Amino acid sequence: MIKLAIESKLQSVGTSIFSVMSALATAKGAINLSQGFPDFPMDPSLLALVNEAMQKGQNQYAPAPGLLSLRTQIADLVQACYGTTVDPESEVTVTSGGTEALFCAIAATVREGDEVIVFEPCYDSYVPVIELFGGVPIYVALDFPDYKINWEGVKKRVNSRTKMIILNTPHNPTGTTLGADDFQELAKIVQGNRIFILSDEVYEHIIFDGEEHQSILRHPQLSKRSFVVSSFGKTFHATGWKVGYCVAPEHMMKEFRKIHQFVTFSTSTPFQHAIAEYMRDRSHIENLSKVYQTKRDYFLKLMAPSRFEPLPSRGTYFQLMRYNAISDKSDRAFAEWLTSEKGVAAIPVSVFYHSGEDNKVLRFCFAKENSTLEKAAEILVRL
């Protein structure tokens with residue numbers, strides 16, 4: 001019998017670090033501060049709206065671009081937050097999570113040999129999709145330890161083959177944010193070039209210390225060439241629902257939707273109905289930063305007696321901690337030891353670099369019940 005073999009299109013891709021560390025945490029009974037999901041309950045009123053939609057029979061396919069009622073709420077939110085008008089009919093598409101939106105934007109844009117600039121450390125879904133469609137990732141490392149973009153370095157990497165620049169703000173895994181000055185520098189670089197921008201803004205409503213999220217949608221020059229990706233999973237503590245969306249100019253969205261219709265076609269109908277109704281009360285979003293800043297601050301307070309060194313987190317629900325005063329192990333080895341021997345799981349930041357750059361930093365998720373954070377910190381401060 002002939003044994004068929006698949007020649008892998010993604011030879012360097014294995015099981016994600018998130019799955020690895022979560023599995024290890026489960027096996028060892030460790031407190032899981034690795035994978036980015038909340039362990040506290042969702043708003044019961046949102047759950048009730050989902051149940052209501054299901055009971056009403058709203059369980060069949062939604063329109064491929066998403067329910068117009070939800071897209072209208074998204075357009076209203078963009079206007080309220082960023083002062084930008086987008087057409088819900090032609091410039092907004094609801095997707096099965098932010099990850100699908102990222103996939104569709106790259107798939108619609110990148111061709112064989114195109115170069116795509118990505119900033120490291122970076123979320124692990126960007127590069128595999130770039131490579132899947134024949135693109136070439138061009139890595140630009142953020143300056144450690146403040147993880148700022150060196151725009152002069154970016155400028156040197158732009159050439160006639162540059163097709164896209166991928167941004168992420170607030171940034172996973174570092175928790176840093178881009179400012180208005182960053183977008184001014186970016187505008188100078190892309191001016192006169194046919195470069196698309198993919199702006200991953202799934203943590204846009206989780207931003208701290210009185211900062212205002214600098215969405216690329218605030219910048220008319222840049223938004224005309226940008227796909228902007230957001231996530232209801234992050235915003236409403238419902239990561240398992242996998243509901244996100246993309247905003248882009250009509251001519252770009254037209255190509256995006258061609259991909260989307262053959263990836264998922266449409267996204268869960270009752271969830272869309274529920275979220276559309278839930279968004280009528282904007283306070284659910286307006287209070288989000290305060291909720292998560294309180295958790296960040298509490299985690300930092302708990303960790304203050306420890307030998308870990310916190311790096312500034314200005315957004316997301318992640319906190320980076322340097323451990324070089326505790327161990328000289330590699331971050332991967334230290335994370336595995338911490339999980340197996342001490343009972344707290346975290347993510348080693350080196351996995352977000354193609355080179356495995358190791359600055360002895362771990363990423364902890366603080367989107368947890370206070371009791372969970374307290375139990376984890378009790379262990380960590382003894383190291």
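In this text, all values refer to a predicted model and were calculated from it rather than measured experimentally.
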Between [X] and [Y]: side-chain donor-acceptor atoms closer than 3.5 Å:
{"X": "Asn168", "Y": "Tyr203", "value": "no"}
{"X": "Asp182", "Y": "Gln214", "value": "no"}
{"X": "Gln272", "Y": "Thr267", "value": "no"}
{"X": "Ser230", "Y": "Glu204", "value": "yes"}
{"X": "Tyr147", "Y": "His171", "value": "no"}
{"X": "Glu201", "Y": "Ser199", "value": "yes"}
{"X": "Asn32", "Y": "Ser22", "value": "yes"}

Which residues satisfy the salt bridge (Lys or Arg N to Asp or Glu O under 4.0 Å) test with [X], sequence neighbours excluded?
{"X": "Arg332", "answer": "Glu336"}
{"X": "Glu120", "answer": "none"}
{"X": "Asp358", "answer": "none"}

Please indicate whether Gln79 has more than 12 foreign heavy atoms, meaning atoms of other residues, nucleotides or ligands, lying under 6.0 Å from its CD.
yes

May I have all residue pairs that pass side chain to side chain donor-acceptor pair (under 3.5 Å) and include part of residues 373-383, sequence neighbours excluded?
Tyr298-Glu374

If you look only at pairs with a residue in residues 301-316, which of them pass as a side chain to side chain donor-acceptor pair (under 3.5 Å), with sequence neighbours excluded?
none

What heavy-atom pair brings [X] and [Y] nearest, and what distance separates the two atoms?
{"X": "Cys104", "Y": "Phe256", "value": "CB-CE1, 3.5 Å"}
{"X": "Leu198", "Y": "Ala105", "value": "CD1-CB, 3.8 Å"}
{"X": "Ser330", "Y": "Tyr323", "value": "C-OH, 3.0 Å"}

Donor-acceptor list for residues 52-65 side chains, cut-off 3.5 Å, not counting sequence neighbours:
from  : atom 1 : to    : atom 2 : distance (Å)
Glu52 : OE2    : Lys56 : NZ     : 3.0
Asn59 : ND2    : Met54 : O      : 3.0

Aromatic plane relationship, Tyr126 with Tyr123 - under 30° parallel, 30 to 60° tilted, over 60° perpendicular:
perpendicular

Ring-plane angle category for Phe133 and Phe103, please: parallel below 30°, perpendicular beyond 60°, tilted otherwise.
perpendicular

Would you say that [X] contacts [Y] through its side chain, given a criterion of any heavy-atom pair below 4.5 Å between the two side chains?
{"X": "Ile31", "Y": "Ile379", "answer": "yes"}
{"X": "Leu178", "Y": "Leu167", "answer": "yes"}
{"X": "Val263", "Y": "Glu100", "answer": "yes"}

Show your reasoning for whether side chain to side chain donor-acceptor pair (under 3.5 Å) applies to Ser16 and Ser19.
CA-CA 5 Å; Ser16 81; Ser19 297; 3.3 Å; yes

Using side chain to side chain contact (heavy atoms under 4.5 Å, CB included) as the criterion, list what pairs up with [X], not counting sequence neighbours.
{"X": "Lys329", "result": "Ser327, Ala333, Phe334, Trp337"}
{"X": "Arg280", "result": "Gln73, Glu277"}
{"X": "Asp181", "result": "none"}
{"X": "Ser355", "result": "Tyr353, Glu357"}

Regarding Arg363 and Asp331, does a basic nitrogen lie under 4.0 Å from an acidic carboxylate oxygen?
no

Extract all donor-acceptor atom pairs below 3.5 Å that involve side chains of residues 185-197 and protein atoms in other chains or at least two apart in sequence.
from   : atom 1 : to     : atom 2 : distance (Å)
Glu185 : OE2    : Lys188 : NZ     : 3.4
Asn193 : ND2    : Ile189 : O      : 2.8

Got a second to check how far Cys81's SG is from Ile285's CD1, nearest 0.5 Å?
7.0 Å

Can you tell which of Leu320, Asn359, Thr174 makes a side-chain contact (heavy atoms from CB on, under 4.5 Å) with Pro121?
Thr174

Against the six-membered ring of Phe299, is Lys368 placed for a cation-pi contact (under 6.0 Å from the centre, within 45° of the normal)?
no

For Thr294 and Asp297, what are the C-alpha separation, side-chain angles and deciding distance, and is it a side chain to side chain donor-acceptor pair (under 3.5 Å)?
CA-CA 5 Å; Thr294 299; Asp297 292 349; over 6 Å; no

Please list every donor-acceptor pair under 3.5 Å in which a side-chain atom of residues 233-243 meets a protein atom from a residue at least two apart or in another chain.
from   : atom 1 : to     : atom 2 : distance (Å)
Thr235 : OG1    : Ser231 : O      : 3.0
His237 : ND1    : Tyr292 : OH     : 3.0

